[in-house]
Amino acid sequence: MEGILRKKERALKVIEVLQNKFGHPKCALNYTTPFELLVAVILSAQCTDVRVNIVTENMYKIVNTPEQFAAMPLEDIETLIKSTGFYRNKAKNIKLCSQQLIEKYDGKVPQEMDELVGLAGVGRKTANVVRGEIWRLADGITVDTHVKRLTNLIGLVNEQDVIKIEKELMKIIPKEYWIDFSHYIILQGRDKCIARRPKCLECEIKMYCKHGEKV
DNA sequence: CTCCCGATAT
DNA sequence: ATATCAGGAG
């Protein structure tokens, strides 16, 4: 087990490199309201953000409020979001989540982590993204498929459970970087550390990576 | 742990 | 054909 201090040191170096590369990153999902972002993040499960943006651009012209989704037949929501995959679960969650927002929060997206996680289809990953993006709030670190893969490769964690990964990262990453860290890792995951065919030769953080350091 | 699931790159 | 994509619920 590598020391926590050594991990912090390497994490800060990775952050420095990626900060210089990506600057001040923002969410790649398109939205105009907190609710639109919440729905977009729910749709982004196991789906590219490019696909989600194609779907939401069309859909939000028709429905973009909790009241409208709550009133819409489930089959119609399914049709609108079908191409994002898992469409039956997602449609059910979006509709139920909309009803919960109306009943409990006057149709507005709540800020507290506990409240967000209590909504249908909203887990810690989705809640972290919305809180960080909308209100710049962070009492957690977004752990998606990219963060899971890269933090293991970089050796910051040795763990597959996303909740445990998040807790470990919260010990290693200084809080001021909690929001941007995930953005950096995800952007690097798309640009260089692509799961299907990583471009280790061109990777800016290969010296900190289990794959890249062999190149 | 399994299931949900279409689109895309390889 | 197969792996992967800003996961969450049962």
Side-chain angles (χ1 to χ4, degrees), chain A residues 18 22 24-31 34-59 74-75 77-101 109 113-134 136-138 140-153 157 159-167 169 173 177-200 211:
Chain A
L18 297 182
F22 295 116
H24 189 65
K26 72 176 198 61
C27 186
L29 296 166
N30 296 332
Y31 65 94
F35 178 73
E36 282 193 2
L37 176 63
L38 180 65
V39 172
V41 181
I42 290 173
L43 291 177
S44 72
Q46 297 295 290
C47 179
T48 62
D49 61 323
V50 174
R51 169 61 51 186
V52 173
N53 285 335
I54 291 171
V55 166
T56 54
E57 181 179 7
N58 173 54
M59 178 166 71
L74 200 53
E75 297 75 23
I77 303 178
E78 289 180 353
T79 301
L80 285 169
I81 68 169
K82 189 158 194 171
S83 68
T84 66
F86 297 160
Y87 64 93
R88 278 189 283 260
N89 281 341
K90 289 175 182 175
K92 195 179 1 166
N93 285 333
I94 289 169
K95 176 152 183 162
L96 181 53
C97 177
S98 297
Q99 294 170 341
Q100 292 172 324
L101 288 175
V109 180
M113 175 64 78
D114 293 345
E115 297 174 326
L116 284 165
V117 172
L119 297 167
V122 179
R124 280 196 68 89
K125 178 260 176 178
T126 298
N128 276 325
V129 170
V130 170
R131 283 166 54 76
E133 177 74 12
I134 301 291
R136 202 74 194 168
L137 294 171
I141 296 176
T142 300
V143 179
D144 73 329
T145 180
H146 295 292
V147 175
K148 177 178 174 180
R149 185 175 73 259
L150 270 73
T151 53
N152 272 284
L153 280 172
V157 300
E159 177 63 60
Q160 296 305 310
D161 183 292
V162 292
I163 300 296
K164 293 181 182 174
I165 291 173
E166 184 182 354
K167 287 184 177 176
L169 291 177
I173 311 294
Y177 293 115
W178 281 9
I179 295 173
D180 287 342
F181 176 77
S182 296
H183 280 137
Y184 294 145
I185 295 295
I186 290 163
L187 289 171
Q188 188 69 5
R190 290 174 181 160
D191 182 43
K192 297 287 161 55
C193 193
I194 303 158
R196 270 186 275 244
R197 196 170 67 80
K199 303 176 181 176
C200 296
H211 284 172

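Letters A, B, ... are given to chains in the order of the sequence lines, protein chains preceding strands, and every chain is numbered from 1. All values below come from the heavy atoms of this structure, side chains included, with hydrogens, waters and symmetry mates left out.
- Comparing the P positions of C/dA3 and B/dT2 gives an interatomic distance of 15 Å, to the nearest angstrom.
- Take the nearest nucleotide of DNA chain C for A/A28 and for A/V117: the residue whose nucleotide is more 5' is A/A28.
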(request) Show your reasoning for whether salt bridge (charged side-chain N to carboxylate O under 4.0 Å, His left out) applies to A/R149 and A/D144. (result) CA-CA 9 Å; A/R149 185 175 73 259; A/D144 73 329; over 6 Å; no

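- Residue A/R51 has no polar side-chain atom (N or O) positioned under 4.0 Å from OP1 or OP2 of B/dG6.
- When the P atom of C/dG7 is taken as reference, atom CD of A/Q46 falls 5 Å away, rounded to whole Å.
- As a whole-Å value, the separation of A/I165 CD1 from C/dA6 C1' is 14 Å.
- In this structure, A/T84 reaches neither bases nor backbone, as no heavy-atom distance under 4.0 Å exists between it and the strands shown.
- Taking atom CD1 of A/I163 as the reference point, atom P of C/dG7 lies 13 Å away to the nearest angstrom.
- Between A/I54 and A/K90, the residue anchored nearer the 5' end of DNA chain B, judged by the nucleotide with its closest heavy atom, is A/K90.
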Given side-chain contact (heavy atoms from CB on, under 4.5 Å), test A/V143 with A/N128 step by step and report yes or no. CA-CA 9 Å; A/V143 179; A/N128 276 325; over 6 Å; no

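- Separating the CZ atom of A/R88 from the P atom of C/dG10 is a distance of 16 Å, rounded to the nearest angstrom.
- Two residues, A/R197 and A/T48, neighbour DNA chain B, and the one matched to the more 5' nucleotide by heavy-atom proximity is A/T48.
- The distance from atom CD of A/Q160 to atom P of C/dG7 is 15 Å, rounded to the nearest whole Å.
- Distance noted for atom P between C/dG10 and B/dC5: 14 Å (whole Å).
- The residue A/L119 sits close only to the backbone: its heavy atoms come under 4.0 Å of sugar-phosphate atoms, none of a base.
- Stacking here means ring centres nearer than 5.5 Å and ring planes tilted less than 30 degrees, and by that measure A/F86 does not stack onto B/dC5.
- The side chain of A/A195 lies closest to C/dT4 when the candidates are C/dT4, C/dA6, B/dA7.
- Taking atom P on both nucleotides, B/dC3 is separated from C/dA6 by 24 Å, rounded to a whole Å.
- The separation between A/L150 atom CG and C/dA6 atom P is 12 Å, rounded to whole Å.
- A/D191 contributes no side-chain N or O that, together with a main-chain N or O of A/L187, makes up a donor-acceptor pair within less than 3.5 Å.
- At C/dA6, one or more side-chain N or O atoms of A/R190 fall inside 4.0 Å of OP1 or OP2 (strictly under the cut-off).
- Between A/T126 and the phosphate of C/dG8, there is a side-chain N or O to OP1/OP2 separation shorter than 4.0 Å.
- Of the N and O atoms on the side chains of A/K125 and A/T145, not one donor lies less than 3.5 Å from an acceptor on the other residue.
- If you check B/dG6, B/dT10, C/dG7 against the side chain of A/S83, the one that comes closest is B/dG6.
- Contact annotation for A/V162: no contact, since no heavy-atom pair falls under 4.0 Å across all strands.
- We find that CD1 of A/I81 is positioned 16 Å from C1' of C/dC5, with the value rounded to whole Å.
- Here A/T145 reaches the OP1 or OP2 of C/dC5: one of its side-chain N or O atoms lies under 4.0 Å away.
- Of the candidate nucleotides C/dA6, B/dA9, B/dG6, B/dA9 has the atom lying nearest to any side-chain atom of A/R196.
- Between A/D144 atom CG and C/dC5 atom C1' the separation is 10 Å, expressed in whole Å.
- Using modelled atom types, one side-chain atom of A/N53 and one backbone atom of A/A28 make a donor-acceptor pair closer than 3.5 Å.
- For A/R124 and C/dG8, the shortest distance from a side-chain N or O to OP1 or OP2 is not below 4.0 Å.
- Within a 6.0 Å radius of CZ in A/R136, other residues, nucleotides and ligands contribute more than 12 heavy atoms.
- Although no hydrogens or angles enter the test, the distance criterion places a donor-acceptor pair under 3.5 Å between the side chain of A/K90 and the main chain of A/T84.
- Regarding contacts with the backbone of C/dC5, a side-chain N or O of A/R149 is found under 4.0 angstrom from either OP1 or OP2.
- At the heavy-atom level, A/V41 lies nowhere under 4.0 Å from the strands shown.
- Comparing C/dG7, B/dG6, C/dA6 by their closest approach to the side chain of A/L29 singles out C/dA6.
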